[in-house]
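Chain naming here is simple, since letters A, B, ... match the order of the sequence lines and numbering starts at 1 in each.
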Amino acid sequence: MLRFITGRLLQAVPVIFIVITATFFLVRAAPGGPFDDEKVVLPEVKKALEAQYKLDLPLHEQYLAYLSDLSHGDLGPSFKYPGRSVNEILFSGLPVTAELGLYALLIALIIGTTAGVFASLKPNTAQDYIPMSLAMVGICMPSFLLGPLLVLVFGIYLEWLPISGWGAIPGDKILPSITLGAAYAAYVARLSRAGMLEILSQDYIRTARAKGLSEWQVVIKHALRGGLIPVIAFLGPAFAGLLAGSFVVETIFQIPGLGRFYVQAAFNRDYTMILGTTVFLSTLIVLFNLVSDITAAWLNPRLRAQFSGGER
Amino acid sequence: MALLTVDSLQVSFTTRNGTHQAVKGVSFSVEPRKLTAIIGESGSGKSVSCYAMLGLIPTPPGRIDGGTALFDGRDLLSLSEGELRAIRGRDIAMIFQDPMTCLNPFMTIGEQLIEPLLVHQKLPKKQATERAIALLDEVGIRAPETTFNAYPHEFSGGMRQRVMIAMALINEPRLLIADEPTTALDVTIQAQILKLIAELQKKRDIGVLFISHDLAVVADIADHIVVMEQGEVVEQGAPSDLFSAAKHPYTQKLLDAIPTGQRVSTLTDPKPLIEVQQLRTWFYPNAKAAPVKAVDDVSLTIHRGEILGLVGESGSGKSTLGRALLRLAPITDGQVSFDGTRVTDLEGNGLKEFRRRMQMIFQDPFASLNPRMTVYDTLAEPLLLHGICAKSELDRVIARLMDDVGLAHSFIRKYPHEFSGGQRQRIAIGRALATKPEFIVADEPVSALDVTIQAQILDLLMDLGSEYGLTMLFISHDMAVIRHIADRIVVMYNGRLVEQGSTDQVFNAPKEAYTQSLLASIPGAALQ
């Protein structure tokens with residue numbers, strides 16, 4: 001088990017390294033620099049600024065300097081927020097984004113698995129078609145459409161919920177979480193339906209029925225364990241998607257999370273900020289994929305035996 | 001009074017292609033303390049009848065159209081789902097064919113075993129566990145306390161079937177329905193399980209309804225046999241009457257299909273075609289573990305024109321040996337020579353030419369045929385690949401092949417899924433013959449087929465063998481089949497050859513203890 005985890009972590013190192021390198025050179029290849037905005041800056045001032053942020057060095061030296069800082073966990077100073085380091089900014093935005101992501105994930109899991117399991121029990125009937133059609137709509141509807149739509153209905157027409165902010169007014173966390181979670185609820189619903197249908201057609205489900213278990217006992221005790229494994233395995237990639245999606249949702253709802261800093265950094269050519277966020281997020285994504293893979297494998301007794309050192 | 005009386009049971013399935021009558025007015029009864037066997041081929045409606053009584057067929061598409069099934073004075077067919085559920089697993093229990101797939105791989109043996117007790121008798125968990133452990137011991141599971149917390153994948157097929165039996169018996173049912181309980185098992189394990197069922201039945205006073213496709217299996221244990229064909233009962237009666245004087249032609253056909261007799265070798269002046277010396281195929285699961293010796297120091301000779309039977313149980317290495325001869329499995333050590341050429345040294349084009357001369361037929365014709373290729377494509381591929389005939393001749397050669405294996409020419413543009421199991425195996429045989437091989441490895445070619453089809457395919461293989469002077473390695477776990485077809489027999493156990501000799505010698509004067517136990521396990525003594 002430990003060997004599996006270390007192996008996977010070692011595999012992650014080159015992945016993250018490639019991400020860093022590609023991002024480093026790509027942001028610099030993009031036209032414009034951090035200090036080329038519309039304000040007229042004296043050439044000497046600009047030069048001094050560039051010297052301060054090591055932008056006057058040859059590219060490969062900048063790259064090596066960045067790597068050396070990074071190896072100490074230092075993501076460097078922000079170019080656009082003078083006096084603040086990227087580390088500081090990341091950790092101020094992280095809790096908000098993490099909370100938003102968590103709520104969205106919970107919504108996705110609760111609604112998604114319920115709908116998927118429900119649909120799988122009576123395949124090809126209304127009980128199947130209605131939630132699955134809704135799921136299709138959920139997948140097709142982008143969050144920049146769903147968000148404003150929810151705001152329009154629940155915020156403006158019905159006046160039930162606040163339309164923006166995070167943690168300022170009670171209930172302001174509901175709409176962003178739903179907006180972010182909806183598409184994933186739909187994916188989870190489809191995955192859990194497919195997983196459950198597969199398991200429900202297995203011979204051991206017939207065995208369970210032959211033992212006199214009620215339909216609910218069959219589903220909950222015998223089918224769910226295997227049927228939801230695809231959902232668990234999907235959580236890793238879903239987490240990556242949630243982080244990317246949160247940028248849009250944070251912008252729509254004016255939420256001070258990581259996403260807004262990231263988007264602004266891209267517009268501002270805030271090199272260190274872009275790099276720092278990318279490195280941080282890609283590390284998180286790799287970790288979460290690992291965790292979800294391990295969990296999915298752990299839930300399968302056959303694979304578990306291989307992990308813990310051979311079968312009996 | 002009968003324990004279960006089924007009267008004119010009718011079941012149908014509605015599919016896109018219309019309504020299919022799976023069971024057309026079936027009547028039979030099961031007496032207490034007796035074993036009633038239902039015999040029939042796949043699609044005869046034998047399993048559907050039993051599942052329908054217990055509400056275990058999906059409705060829709062299934063539908064019970066009529067009839068009664070009286071159990072204990074109550075008609076099972078008119079009970080509500082809740083009432084039926086109270087009977088399932090308590091008064092009527094079931095065991096199924098494939099113990100590999102019938103136990104939940106995500107739950108421990110113990111969890112599954114005590115479930116019927118918790119559901120029906122509402123026993124506390126501790127008490128249920130004690131009872132389960134005692135029962136595991138009774139069905140012959142060693143160290144039941146540790147077994148209790150193990151998962152199904154940690155067991156062999158025979159052990160899993162014992163667990164299934166324990167699970168069925170745990171509530172002391174009065175009727176046990178066993179659906180092909182030994183079909184997926186090795187012959188020695190089958191003998192053990194049959195013995196166990198018979199013992200438990202006497203000890204616990206239960207009626208058994210035993211579903212099987214194999215007359216030989218039920219011949220020794222049944223008190224009453226019901227023969228089904230295409231949803232109807234064609235004949236029923238005591239085994240002795242049925243075997244000595246079958247009235248219905250279908251029963252007679254089933255009896256005739258049981259491979260009997262012993263092949264007498266017609267081979268005069270044997271010349272070796274294949275010589276195998278100290279062949280080893282070892283697999284290394286990982287660097288640390290000891291190698292799995294799938295084939296270990298096997299030496300044998302196959303003569304030109306003979307059918308050599310290779311017998312062994314699952315895991316004995318017989319398939320690996322067959323594949324290694326064709327270089328389809330890795331060879332760790334040793335020599336294989338074919339017609340004087342060292343096969344083990346061949347590479348590239350030499351190997352390709354050699355592959356043309358040796359072909360393989362697999363057990364499962366559905367899995368080994370490409371579902372996206374028509375019969376024509378399947379047969380044309382080896383012909384073109386090896387340049388055996390010109391494009392202009394292709395149609396004629398393929399038509400000839402289809403004649404050889406007994407397929408109508410009108411099938412030529414059809415896909416594998418449009419055929420029955422037997423027809424698919426004919427296609428697979430045609431594909432093997434296409435390259436005009438001298439040697440064929442047939443790996444359990446009839447094991448997945450119904451008995452009557454099995455007999456046809458065996459005849460086909462023997463006819464083709466003598467017509468084209470083929471040499472064949474015929475791999476099987478079924479002793480009766482081997483005896484019927486083979487000139488000579490080799491017996492494999494744990495990767496090694498334990499015995500070889502002429503068919504007569506191996507069957508009538510086996511030297512090794514293992515061979516003797518294999519022979520003793522052959523079901524159907526009552527038929528001989």
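- Counting heavy atoms of neighbouring residues, nucleotides and ligands inside a 6.0 Å radius, atom CZ of A:Phe118 does not exceed 12 of them.
- Here the CZ atom belonging to A:Arg206 is positioned 8.0 Å from the CG atom belonging to B:Leu56, to the nearest 0.5 angstrom.
- Between chain A and the residues B:Pro58, B:Gly55, B:Pro105, B:Ala93, the most heavy-atom pairs under 4.5 angstrom are made by B:Pro105.
- Residue A:Tyr187 qualifies as open at atom OH: its count of foreign heavy atoms under 6.0 Å is 12 or below.
- Proximity of A:Gln217 to B:Glu115: side-chain heavy atoms (C-beta onward) are nowhere separated by under 4.5 Å.
- With rounding to the nearest 0.5 Å, the separation of CG in A:Asn300 from NE2 in B:His153 is 8.0 Å.
- Proximity to chain A is limited to the backbone of B:Leu103, based on heavy atoms less than 4.5 angstrom apart.
- The part of A:Leu299 that comes within reach of chain B is its backbone (N, CA, C, O), which places non-hydrogen atoms under 4.5 angstrom from that chain.
- Ranked by heavy-atom pairs under 4.5 Å with chain A, the first of B:Glu81, B:Arg88, B:Met167 is B:Arg88.
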* Check the pair B:Gln97 / A:Asp203 against side chain to side chain contact (heavy atoms under 4.5 Å, CB included), numbers first and verdict last. => CA-CA 10 Å; B:Gln97 172 170 355; A:Asp203 288 345; over 6 Å; no
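- The shortest heavy-atom contact between A:Gly212 and B:Arg85 is O-CG, 3.0 Å.
- Of the atoms belonging to B:Met107, heavy atoms from both backbone and side chain fall under 4.5 Å from chain A.
- Taken from CZ in A:Arg225 to CG in B:Asn104, the straight-line distance is 7.0 Å, to the nearest 0.5 Å.
- Contacts of B:Phe106 with chain A are made by both backbone and side-chain atoms, with heavy-atom separations under 4.5 Å.
- With A:Lys211 contributing its side chain and B:Arg90 its backbone, the two residues share no donor-acceptor pair below 3.5 Å.
- Heavy-atom pairs under 4.5 Å with chain A peak, among B:Cys102, B:Ala86, B:Gly89, B:Pro116, at B:Cys102.
- In this structure, B:Arg162 places its CZ atom where more than 12 heavy-atom neighbours from other residues, nucleotides or ligands lie under 6.0 Å away.
- A donor-acceptor contact closer than 3.5 angstrom is absent between the side chains of B:Glu111 and A:His222.
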